[in-house]
Amino acid sequence: MQALIDLFHKVYDVQAIVTYGGLLGLMAVVFAETGLLVGFFLPGDSLLVTAGVFCTSANPTGRPLLDIVLVIVCVSLAAIAGDTVGYWIGAKSGPRLFGRDDSLLFKKRHLLRTQEFYDRHGGKTIIMARFMPIIRTFAPVVAGAARMRYRRFLSFNVFGGVFWVASMTLIGYGLARVWPDITRHIDKLIIVIIFVSLLPAIIGGLRARFARTNA
């Protein structure tokens, strides 16, 4: 249990990921969160906003820790590649995934919840899911399992990936420009981002519970 707690702290130490992992670390986390079924717990939104903040910070040589344009371009490519891998996982093994038993890093309820979301919103799910933790990990898998035409999926994937990465990093970049001391309060910013990103899921869960109570 202590090992899992230590792993959790390391994974959610987004400041360390940005500072020490750099651009490659950002790309690896975003790819894993969007392309690997076990990546649903990774901190995509907070990581991107933090990256945007640190694009305004300089290292001891006076150069920026990260370049905002390079971050947007490279991490967008990682996000697009991640969703593409997720799509083909769903296309090749979708039916078997729905019959798979739960494990430490796989919960079938996440897949079923994403399928319900996909059934309601169709192709737009690929874009909307980018801003919803857990859903964004399973949305491309469900699209692949549903045999969504790849050309159509790709258009949603590219637009959603670029829009998500650009908007999140530019939010952090803009905040740091307006409030330079934000780097001293990065932990509080991360908590706010995580709460806001989870808010739709919390509201949806409360609505479902309320509906069941009044049924």
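Quick caveat: nothing in here was measured; it's all calculated off a predicted structure. Reckoned from all heavy atoms, side chains included, excluding hydrogens, waters and symmetry mates.
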Close side-chain approach of R130 to T34, heavy-atom, < 4.5 Å: yes
M27 with M168, same ILVMFWY side-chain cluster at under 4.5 Å: yes
In one Ile/Leu/Val/Met/Phe/Trp/Tyr side-chain cluster, 4.5 Å: F159, I126: yes
Interatomic spacing from NZ in K124 to CD1 in I127 - rounded to 0.5 Å: 9.5 Å
Main-chain N/O of V49 paired with T169 side-chain donor or acceptor, under 3.5 Å: no
For A146 against Y118, the heavy-atom pair lying closest together: CB-CE2, 3.8 Å
Qualifying residue for side-chain contact (heavy atoms from CB on, under 4.5 Å) with V75, from L70, L47, V30: V30
Which atom of T56 lies closest to which atom of A176, heavy atoms considered: OG1-CB, 3.2 Å
Minimum heavy-atom distance A143-F153, with the two atoms named: CB-CD1, 4.0 Å
I89 CD1 to F138 CZ distance, which is reported to the nearest 0.5 Å: 10.0 Å
Contacts of type side-chain contact (heavy atoms from CB on, under 4.5 Å), residue I80, not counting sequence neighbours: T84, N157, V158, V162
Contact check, side chains of L48 and I171, non-hydrogen atoms, under 4.5 Å: no
Side-chain heavy atoms of L170 within contact of I68, under 4.5 Å: yes
Contact summary for V85 and G35, nearest pair of heavy atoms: CG1-O, 3.5 Å
Trace of the side chain to side chain contact (heavy atoms under 4.5 Å, CB included) decision for Y173 with V53: CA-CA 5 Å; Y173 186 81; V53 169; over 6 Å; no
Ring-ring centroid check F163 F156, cutoff 6.0 Å: no
Gap between atom CD of E116 and atom CD1 of I135 - 0.5 Å precision: 9.0 Å
Over all atoms of both residues, closest heavy-atom pair of L23 and C74: CD2-SG, 3.8 Å
Worked verdict on F131 versus S167 for side chain to side chain contact (heavy atoms under 4.5 Å, CB included): CA-CA 10 Å; F131 298 88; S167 61; 3.4 Å; yes
Interatomic distance, I72 atom CD1 to L77 atom CG [nearest 0.5 angstrom]: 12.0 Å
Donor-acceptor contact present, side-chain S93 to main-chain G90, <3.5 Å: no
Heavy-atom closest contact (A139 atom, A129 atom, distance): CB-CB, 3.7 Å
Basic-acidic side-chain contact under 4.0 Å: R136, D83: no
Test item: L66 and L26 side chains (from C-beta on) under 4.5 Å apart, heavy atoms: yes
Expected output: side-chain Y87 to main-chain V142 donor-acceptor under 3.5 Å: no
